[in-house]
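When a ligand or atom number is given, it counts from 1 through the structure's own listing order.
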Amino acid sequence: MKGLMQPGGLMISSLLTHAARHHATGEVVSRTHETTTHRHTWADVERRARQLVRVLHHLGVGESDRVGTLAWNGYRHLEVYYAAPGMGAICHTINPRLHPDDIAYIVNHAGDTVLFADVSFAPLITMIAPRIAETVKAVVMLTDAAGMPEVTLAPGMALYAYDSLMDAADDDFAWPVFDENTASALCYTSGTTGRPKGVLYSHRSTVLHAYAIALPDVLDLRATSRILPVVPMFHVNAWGIPYAAALTGAALVLPGRHLDGASMAQLLNAERVTFTCGVPTVWLGLLQHLRSSGERLHTVTRIMTGGSAAPPLLIEAFRDEYGVVVEHGWGMTELSPVGTYNAPKPAQAGLAGADAVRHMLKQGRILPGLDMKIVDGADKALPWDGVAFGDLKVRGPWVTSAYFGDEPGSALDADGWFATGDVATIDPDGFMEITDRSKDVIKSGGEWISSITLENIAVSHPDVAEAAVIAARHPKWDERPLLLVVPRAGHTVDPASVLQAYEGKIAKWWLPDEVLVVPELPHTATGKLLKTALRSRYRDHYMGAG
Ligand code: AMP
């Protein structure tokens, strides 16, 4: 027997119409490329998104067409976020930090018909235009007529200024209701190996994810929150914040392209931001700026960090020096992206000092609606004892089932689980902790060593700015850990003293065989350590050893 409740689909446009109706004066503030501050409200976003649908129609965009964006976090980008899926098209956010060859590949693979781009990407568009001309028919620069940069396109491609198109468009569009499983957005994984792969979200997955991340034990968003996503809107939907902010009526502060410590501190204080989300590198930059300038954060009470492991120093320094709680989450493009969040249960609520920091290094509990497990090499479930570590698998309504262009279900195992590629422990209270990427774990004499654990200890050394541990081939043990460290500015690193830092913290056989001091480490376009490059360079470093 079916229930007798109203069917009504989970539409992305319903998040925006809710915000416009019930939080009409809720603020959306953007730092623009001109470094001026642009202010409008949720009511403005909703009205302008309807206008933008008329622009998309004018450009020939129809249902299921892909609308590409190459843009920082700003109000025009937000309008594309809502207009494209709202009319049944797909908002395809592209990471501009990727190599131009990858960007051209992604645009063609996605089949983008229109590209919306910030003015700072004019040289990039000019460079790749001949390679994307088959599919892209129009490029819209996110500026007014006066701000139009030099752009050279290929024959057959039209160039427009966003504001001119908007000024000429009506706002008489009415948001349609259609199947909630319709595709809404597309985002390619940055991929440290191989070609990027597209993850295709739906209205249903996006709305459910927005509800889940707004919960008190996740982002804890409310109408009085003022949230600043530093995480880019071109990388996994800015962790879903543009949707969850509308759902809750929270004020949204969009930082544009300047994400250095000084710019962040200024914007956080000027816009009375209460909560902000981003990757550890951004927070380390902010911390450095606060320490050297003596500035304080006046309104921020919580900082969420994710995307890579949270360094203990970050949690400690913000808590002890600035009274700000650093919260740790984990996710991936394939999960929309948030999968786990570290909020205490009663047993952890009283933790203090070093115990609290140790606990916050865990990536946290699975969001309600998702399920997780860890398995060994034979796919047998491992115990949740906080010790056993194995491949982390997840499933649920905002986890991908296949990559764009592939057969539905092809990214899952026979039981419908998605293998994350991360290696983790889960403790008896359900807190998951990543110990590695499965391809980064060090397999020494048949036992596994966590590279992340070793890196965390190395970066707690006062002379070390950054550390990477890789599996180097070894004639006797198969693989052994090799530690590479970058010294902090003005410091020199003594390898023996770094090795001493491990004493009492790890099993003796986990100790890196060697420490190499290097001027810098390679990173991916999303700021993660590029271990493939390190492995290809140092893979045989121990092969002379006995
Ligand atoms: P992406 O799809 O580019 O967001 O990358 C997802 C991957 O980033 C995950 O599979 C993890 O390996 C890594 N990652 C994300 N969040 C964390 C975290 N809090 N700690 C450690 N690794 C993380």
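Some N or O of G329 is nearer than 3.5 Å to an N or O of ligand 1, by distance alone. Checked by distance only, ligand 1 and I434 stay at 3.5 Å or farther apart across all their nitrogen or oxygen atoms. In terms of polar-atom proximity, defined here as any N/O pair under 3.5 Å, R437 does make such a contact with ligand 1. Considering backbone and side-chain N/O atoms, T420 never comes within less than 3.5 Å of an N/O atom of ligand 1. Note: no N/O pair closer than 3.5 Å links I452 and ligand 1 by distance alone.
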Run the side-chain hydrogen bond (donor to acceptor under 3.5 Å, both in side chains) check on N342 and H359 step by step: do they pass?
-> CA-CA 9 Å; N342 191 333; H359 178 70; 3.3 Å; yes

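Heavy atoms of D422 approach ligand 1 to within less than 4.0 angstrom. Between G307 and ligand 1 there is a heavy-atom distance shorter than 4.0 Å. In this structure, P337 does not count as a contact residue of ligand 1, since none of its heavy atoms falls inside 4.0 Å of the ligand.
Taking all heavy atoms of M332, E334, K528, M304 into account, the minimum distance to atom 8 (O) of ligand 1 is reached by K528.
Under 4.0 angstrom from ligand 1, the non-hydrogen atoms of Q363 all belong to its side chain.
Residues D118 and R76 are not paired through a salt bridge, judged by the lack of any N-O separation under 4.0 Å between the basic side chain and the carboxylate. D478 and R473 are not joined by a salt bridge, as no carboxylate oxygen comes within less than 4.0 angstrom of a charged side-chain nitrogen. Ionic pairing of E479 and R535 is not present here: no N-O contact between side-chain nitrogen and carboxylate oxygen is shorter than 4.0 angstrom. Ionic pairing of D102 and R195 is present here: one or more N-O contacts between side-chain nitrogen and carboxylate oxygen are shorter than 4.0 angstrom.
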